[in-house]
Amino acid sequence: MICGHCDQPIHPDQPYTCFIPDSATGAAATAYLHAERCPPVPHQEYPSDRPVVLTAEPTGSRARQRR
């Protein structure tokens, strides 16, 4: 089993909890979590070797429409 919080394996000798979310639209997947709180997992928003580009105006669906 894989922990749904930290994505690390749950070994057979480790305690775990089962979480079954309510789903009104169909079958829900069962989430298995370590019994003790997992350490926070760092998240990377973009590749670190890629420069961050900041724009002055929003793009896409939030861009202002010019007439």
Side-chain angles (χ1 to χ4, degrees):
M1 288 182 283
I2 301 293
C3 177
H5 182 306
C6 67
D7 292 331
Q8 297 296 317
I10 300 174
H11 300 288
D13 59 336
Q14 288 181 314
Y16 65 91
T17 58
C18 227
F19 176 71
I20 304 172
D22 293 331
S23 176
T25 59
T30 302
Y32 298 99
L33 307 170
H34 284 109
E36 294 184 14
R37 180 100 173 132
C38 304
V41 179
H43 295 284
Q44 185 173 351
E45 298 291 328
Y46 56 89
S48 60
D49 60 341
R50 192 172 166 192
V52 177
V53 178
L54 300 176
T55 58
E57 292 186 25
T59 59
S61 62
R62 293 184 179 176
R64 291 159 84 190
Q65 294 180 354
R66 296 182 184 166
R67 296 180 188 219

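Just so we're clear, the structure is a prediction, and the values are computed from it rather than from any experiment.
Using a 4.5 Å cut-off on side-chain heavy atoms (C-beta onward), His11 and Met1 make no contact. Residues His34 and Ile10 form a side-chain contact, since some pair of their non-hydrogen atoms from C-beta on lies under 4.5 Å apart.
Closest heavy-atom contact between Gln14 and Pro9: OE1-O, 3.7 Å. Smallest separation of non-hydrogen atoms from Cys3 and Leu33: SG-CA, 3.9 Å.
Under the rule for a ring-ring contact (aromatic ring centres under 6.0 Å, His included), the partners of Tyr32 that lie at least two apart in sequence or sit in another chain are Tyr16.
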